[in-house]
Amino acid sequence: MSNNLLSITEAVQKLEANEISSLDLVRACKAAVDEKNSTLNAYLEVFEDIEEQAKAADERRANGERGALLGVPLALKDNILVNGRRASAASKILENYVATYDSTVVKKLKEAGAIFMGRTNMDEFAMGGSTENSAFGVTRNPHDPTRVPGGSSGGSAAALASGMALGAFGTDTGGSIREPASFCGLVGLKPTYGAVSRFGIIALGSSLDQVGPFARSVADAELLFKVIRGQDPLDSTSITETTHPKVQETRRIGVPRALLKEGVDADVLARFEESLKKLEHLGYTIVDVEIPSAALALAIYYIIMPAEASTNLARFDGVRYGLSHKGENLFDDYAKTRGSGFGPEPRRRIMLGTYVLSAGYYDAYYGKATAARAQLTREMVAALSGCDAVVTPTAPCPATVIGEKSDPLSMYLMDIFTVTANLTGNPALSVPMGTVMREGTQLPVGIQFTAAHGNEAGLFAIGKTFEAA
Ligand code: GLN
């Protein structure tokens, strides 16, 4: 197998055994970039110093140094700050913004010895489910370039699925790691809210956002997660590994049947039912669970997320960061800068968010959504008191054709299964569950496992068993 297609676990073993060097890994990934990135548009930028990074890692290893990711090439979504490098969140308003500090995630990855290949394309400010909302062109799905890779972390997913890195990081506010993982045949983890520091991540919805890994195996996802997790004094919402109580294993898996009644493609549902059978063979008991408010999750999410987004995006004013257009007066500066810097989706969400937070409508929309979110969280806790994980398909369909979901509402509906875990703060893992055929091409689809707060270990255990069977 060529070196760029190895799992991280395999690559680290080979590095350790001196069978390959980090330079070999980086060159193999770079060859895939040269061959495919002009078509796929997975990376917005491949860093010029990747070979220097690899040589430095090889030297450190030769000197006896070790690190969980020493010499492993990874891809980073364009909203994760790396000191001295650009981070644009795929927006014109931050096109030339250069980060002046490392995000905590990057600091931890550097300590573990990781190599950064480049920054990957995404929906502008992580708003979307297809990577079609990028200001810098759409990313294509390596399994079928006429289709989207999913989003908003579509560049990271496409980079990993096409061998341009050995692992990748994205952010997930409503499914942006899990959905592209499903569309690209990868494992994707949205950690428990607070498990990973958000310091140095360009925010979308601060009560929803989490950074997480894309990987070729559950074991790799676990390895990447363990490197980035941990409480951080620079993020007051971050938690320790012991914040949540340990959960007792039940060997039961809960299915919220009511959610699967409509809107899911028949063959995706068929793969899901086969997966449940497989879990049964593996010794799990499949039980029905009720999460009645999950039917409202999209409505809740599409009030809370824009509210938080409109607040977070207020800082892009042409004065402090990035793009700056001069107008007649200060207000005009704002209008000119924001009017030309933000694409259609951020503008839509800023308007929606400002509306639901406005004095006259706050109680009717934001207040209600907050109350419904609390109810949903209680229902999720109750459902998970009787089982190890709640399962659904990750998305109701496989990767869609570019341009197919041009109506924003139809795009939002694809998030039906993923937004709940962000609203409730639970960790959720997407694992490949086979393929479905579209126009002569086999397209991957994923199954999503959601566990109790802090129980990533439980997700990895189920995911590994499922993946191996
Ligand atoms: N698709 C969802 C949205 O458009 C999720 C985005 C995300 O997780 N960043 O908001």
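Counting convention: from 1, in listed order, for ligands and their atoms alike. Sequence positions, counted from 1, serve as the residue numbers for this chain. This is a predicted model, so every value here is computed, not measured. Note that these values count all heavy atoms, side chains included, but never hydrogens, waters or copies made by symmetry.
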Student: Under 6.0 Å from the ring centre and within 45 degrees of the ring axis: does the NZ or CZ of Lys278 meet both conditions for the six-membered ring of Phe466?
Tutor: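 Relative to the ring axis of Phe466, which defines the angle, Lys278 lies inside both limits.
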Student: With no hydrogens and no angle check, do the side chains of Ser207 and Arg373 hold a donor and an acceptor under 3.5 Å apart?
Tutor: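 Short answer, yes.
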Student: Is it the case that the ring center of Phe316 lies less than 6.0 angstrom away from the ring center of Phe125?
Tutor: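 Yes, they do, as the ring centres are separated by less than 6.0 Å.
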Student: Within a distance under 4.0 Å of any heavy atom of Ala126, pick out the atoms of ligand 1 and give their elements.
Tutor: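 Reading through ligand 1 atom by atom, the close ones are 6 (C), 7 (C), 9 (N).
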Student: Looking at Leu204, which atoms of ligand 1 are within less than 4.0 Å of one of its heavy atoms?
Tutor: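 Answer for ligand 1: 9 (N).
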Student: Which residue and atom name correspond to the protein heavy atom nearest atom 5 (C) of ligand 1, and how close is it?
Tutor: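 Minimum-distance protein heavy atom for atom 5 (C) of ligand 1 reads Tyr301 OH, 3.4 Å.
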Student: Which protein non-hydrogen atom lies closest to atom 3 (C) of ligand 1, naming both residue and atom, and how far is it?
Tutor: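 So the nearest neighbour among protein heavy atoms is Tyr302 OH, 3.2 Å.
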Student: Suppose we measure from atom 4 (O) of ligand 1 to each protein heavy atom; which comes out shortest, and what is that distance?
Tutor: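 Answer, as residue, atom name and distance: Arg349 NH2, 2.8 Å.
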Student: Is the closest N or O pair between Thr171 and ligand 1 shorter than 3.5 Å?
Tutor: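 In fact, backbone or side chain, Thr171 has no N or O that close.
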Student: One pair to check against salt bridge (Lys or Arg N to Asp or Glu O under 4.0 Å): Lys108 and Glu111. What are the steps and the verdict?
Tutor: CA-CA 5 Å; Lys108 285 174 180 279; Glu111 280 162 10; over 6 Å; no
Student: Tell me the protein heavy atom at minimum distance from atom 7 (C) of ligand 1, and give that distance in Å.
Tutor: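 Its nearest protein heavy-atom neighbour is Ser176 OG, 2.3 Å.
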Student: Hey, which atoms in ligand 1 end up nearer than 4.0 Å to a heavy atom of Asp172?
Tutor: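 Ligand 1 atoms under the 4.0 Å threshold to Asp172: 8 (O).
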Student: What protein heavy atom is closest to atom 2 (C) of ligand 1, reported as residue, atom name and distance in Å?
Tutor: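 The answer is Asp415 OD2, 3.1 Å.
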Student: Between Asp317, Ile93, Val319, which is the residue that forms a side-chain contact (heavy atoms from CB on, under 4.5 Å) with Thr337?
Tutor: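 Running side-chain contact (heavy atoms from CB on, under 4.5 Å) over Asp317, Ile93, Val319 with Thr337 returns exactly one hit, Ile93.
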Student: Are any of the N or O atoms of Met127 closer than 3.5 Å to those of ligand 1?
Tutor: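 So ligand 1 has no N or O lying under 3.5 Å from an N or O of Met127.
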Student: With no hydrogens and no angle check, just 3.5 Å: does a side-chain donor-acceptor pair link Glu379 and Ser293?
Tutor: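 The answer is yes; a qualifying pair exists.
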Student: Does the gap between the ring centers of Tyr361 and Tyr355 come in under 6.0 Å?
Tutor: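 Close enough - the centres of the two rings lie under 6.0 Å apart.
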Student: Only one of Thr450, Val381, Asn455 clears side-chain contact (heavy atoms from CB on, under 4.5 Å) with Asn426; which?
Tutor: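 Of the listed residues Thr450, Val381, Asn455, the side-chain contact (heavy atoms from CB on, under 4.5 Å) partner of Asn426 is Thr450.
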Student: Met305 versus ligand 1: do any nitrogen or oxygen atoms come within less than 3.5 Å of each other?
Tutor: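 No.
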